[in-house]
Number of protein chains: 2
Amino acid sequence: MKSNKFLAIYNELCKQIKSGELKPHEKIPSENVLSEQYETSRETIRKALNLLSQNGFIQKVKGKGSIVLDVRKFSFPVSGLVSFKELSKTMGQPSQTIVHEFGLVRPDSFIKKQLNISSKDEIWRVIRARQIEGEKIILDKDFLLKKHVPLLTKEICEDSIFQYLENDLNLKISFAKKEIVVENCTEEDQQYLDLEDFQHIVVVKNYVYLDDTSLFQYTESRHRLDKFRFVDFARRGH
Amino acid sequence: MKSNKFLAIYNELCKQIKSGELKPHEKIPSENVLSEQYETSRETIRKALNLLSQNGFIQKVKGKGSIVLDVRKFSFPVSGLVSFKELSKTMGQPSQTIVHEFGLVRPDSFIKKQLNISSKDEIWRVIRARQIEGEKIILDKDFLLKKHVPLLTKEICEDSIFQYLENDLNLKISFAKKEIVVENCTEEDQQYLDLEDFQHIVVVKNYVYLDDTSLFQYTESRHRLDKFRFVDFARRGH
DNA sequence: TAGTGGTCTAGACCACCGA
DNA sequence: CGGTGGTCTAGACCACTAG
């Protein structure tokens, strides 16, 4: 781990809020007090508090102080970048992944357009069904550029592609564009999912970028209508 | 407007990126150069650049510099807090608002739960259909606490409640929790919208908070399946 | 008026990158 | 090696809120 002072302070305050040591609607100590407590400058404290504010833990009010928000109301932060494995872990539900298709292929015209590549590039194509509480309700279709991911195995796909990329390949994922739309079910959806009578499906399209700003992965996460939920915490103004 | 130096710099760079003066994949001047150009300190420049980074305009790379991202790929930022009027303006599509129900009521049990209030509080209840290119595809149901909004008129609802709150009442909206789910269509949906044969509807639930952290508005925005689209730009790590 | 958070400064040291 | 962005400091002034 790095030794970021402001991150350490953020984590400590974060923990205190989650544990209830700092209660909702109460004020946290002022920036001046905190800078003495932590023996650091005020700007460093402010960095930590701004992080807390961005992530919905506190609300800063000019002239008054910083108030703790009711985190329970904002729980389940599906917003941002999270992998299915991280998600199912925090939700505490038993889940299972079934790899249906896996291989190295040439891109078809659709993928060429999505990833903005030529026919010469090879890509990993993975199709997985996600089962939660006995029902197959999510179909994940991943397309990764071989250029950035030389090796991929079925075993990795059964665990977490995401963890493999970050931990083993040490690829730094920096940002993603996410798009949510509703589409008609395909035969593929019907084949791999427990769709009941639903005729539509919620599709989350993810365009994932690396640290050097290169687009390297396109993912479609297809959710059964009744099981889909997306939560976002948004701040107004800056 | 206020005279925030870092905001002014942010806006100027933002404009240069949007206009193409600073092109995608090119580097912007270094922080040291910019601090000389703008005759300011480096920390102030960094504030501006961090804002650009958060909003998806640039990517900062340690040891190298800041690279301009392809903004066109991330256009249409429905993410965050935007009103229908702001949205239709940026999309450049002709739109129309029809106020179906409007009045001051006592909260039913559902709204009491959503807004976390008692039976004594009065609320404004507004139901509006949004028509785009001749089709009624969005049903907005707004519930506002009278405690914070003493007066509301049908005319305001036909224009923009949001603008009225911010500009005239000078209420400061600071953050919101947004939740997206899919529900079965109600009779109300069928009555007020051009639903065709869709049996489900995308519901965006908004819990809106003021500067002093008080919850004062609950909004349901019900979108016809085929017309719904949500785009998000997410960064990983901090 | 005293205390709060918001902004800004000038300088410092570090890790990282490229030549 | 020099240049880059990342972090941290100690101090300053401001606008706002409260008593």
Side-chain angles (χ1 to χ4, degrees), chain A residues 1-13 25-54 57-69 170-172 174-175 210-214 235-238, chain B residues 1-13 25-54 57-69 170-172 174-175 210-214 235-238:
Chain A
M1 282 296 151
K2 290 223 210 78
S3 69
N4 286 66
K5 205 176 269 193
F6 79 94
L7 254 185
I9 297 170
Y10 164 80
N11 285 325
E12 180 155 342
L13 292 172
H25 306 295
E26 280 183 6
K27 284 214 295 266
I28 66 174
S30 78
E31 296 178 349
N32 286 313
V33 170
L34 285 172
S35 62
E36 281 177 19
Q37 271 184 21
Y38 286 98
E39 291 177 321
T40 184
S41 72
R42 211 186 121 209
E43 283 291 345
T44 299
I45 293 294
R46 284 178 55 69
K47 261 197 186 173
L49 296 194
N50 282 334
L51 249 190
L52 288 170
S53 171
Q54 278 171 37
F57 288 103
I58 64 170
Q59 175 73 5
K60 310 181 84 176
V61 185
K62 209 190 306 191
K64 291 213 275 196
S66 296
I67 304 166
V68 177
L69 295 180
N170 206 22
L171 285 178
K172 284 178 187 168
S174 67
F175 60 93
L210 293 178
D211 221 10
D212 62 356
T213 78
S214 59
R235 265 180 196 287
R236 172 103 189 157
H238 288 288
Chain B
M1 284 298 145
K2 291 224 207 78
S3 69
N4 286 65
K5 205 176 266 192
F6 80 92
L7 253 186
I9 296 170
Y10 165 79
N11 284 325
E12 180 154 341
L13 291 172
H25 306 293
E26 280 184 5
K27 285 214 293 266
I28 66 173
S30 79
E31 297 178 348
N32 285 314
V33 171
L34 284 172
S35 63
E36 281 177 20
Q37 271 184 21
Y38 286 99
E39 290 177 321
T40 184
S41 71
R42 210 186 124 208
E43 284 291 345
T44 300
I45 294 294
R46 284 179 56 69
K47 261 195 184 175
L49 296 194
N50 282 332
L51 248 190
L52 288 169
S53 172
Q54 278 171 37
F57 288 103
I58 64 170
Q59 175 74 5
K60 310 181 84 178
V61 185
K62 207 190 309 192
K64 290 210 277 197
S66 297
I67 304 165
V68 178
L69 296 179
N170 205 24
L171 284 178
K172 283 178 189 167
S174 66
F175 61 93
L210 293 179
D211 222 10
D212 62 354
T213 77
S214 59
R235 260 178 201 289
R236 173 106 191 155
H238 287 289

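Counting to the nearest Å, the P atom of D:dA15 and the NZ atom of B:Lys172 are 14 Å from each other. Put simply, CG on A:Leu7 is 11 Å from C1' on D:dG6, counting in whole angstrom units. Rounding to whole angstrom units, CD of residue A:Glu43 and P of C:dA12 are separated by 18 Å. The interatomic distance linking B:Glu39 (CD) with C:dA10 (C1') rounds to 15 Å, in whole Å. Atoms NZ (B:Lys5) and C1' (D:dC14) sit 14 Å apart, rounded to a whole Å. The CG atom of B:Asp212 sits 20 Å away from the P atom of C:dT4 (whole-angstrom rounding). The separation between A:Glu36 atom CD and C:dG3 atom C1' is 13 Å, rounded to whole Å. In this structure, B:Asp211 places its CG atom 19 Å from P of C:dT4, rounding to the nearest Å.
Nearest nucleotide to the side chain of B:Ser30, out of D:dG5, D:dT9, C:dG6: D:dG5. Picking from C:dG18, C:dG6, D:dG5 the nucleotide with the shortest atom distance to the side chain of B:Lys64 gives C:dG18. Among the nucleotides D:dT9, D:dC16, C:dC8, the one closest to the side chain of B:Phe6 is C:dC8. The side chain of A:Lys60 approaches C:dG5 more closely than any other nucleotide in the set C:dG5, D:dG5, D:dT9. Of the candidate nucleotides C:dG5, D:dT7, D:dA10, D:dT7 has the atom lying nearest to any side-chain atom of A:Asn4. For B:Thr44, the listed nucleotide lying nearest its side chain is C:dT9; candidates were D:dT4, C:dT9, C:dG6. The side chain of B:Arg42 approaches D:dG6 more closely than any other nucleotide in the set C:dT7, D:dG6, C:dT4.
In this structure, D:dG19 forms no base pair with any nucleotide, since neither Watson-Crick nor G-U wobble geometry is met with both distances under 3.5 Å.
None of B:Val68, B:Ile58, B:Leu69 except one satisfies the side-chain contact (heavy atoms from CB on, under 4.5 Å) rule with A:Thr213; the exception is B:Leu69.
Between the CD atom in A:Glu43 and the CD atom in A:Glu31 there is a gap of 8.5 Å [rounded to 0.5 Å].
A close approach under 4.0 Å does occur between a side-chain nitrogen or oxygen of A:Asn32 and OP1 or OP2 of C:dT4.
B:Thr44 and B:Phe6 make their closest contact through O-CB, 3.7 Å (heavy atoms, listed as atom of the first residue, atom of the second, distance). Annotation for A:Lys60 and A:Ser66: closest pair CG-OG, 3.8 Å, computed over non-hydrogen atoms.
Summary of the strand contacts: A:Asn50 and A:Gly63 both lie near DNA chain C, and taking for each the nucleotide with the nearest heavy atom, the more 5' one is attributed to A:Gly63. Heavy-atom distances to DNA chain D give each of A:Ser41 and B:Ser66 a nearest nucleotide, and the one nearer the 5′ end belongs to B:Ser66.
Counting only N and O atoms by type, the side chains of A:Ser214 and A:Asp212 include a donor and acceptor under 3.5 Å apart.
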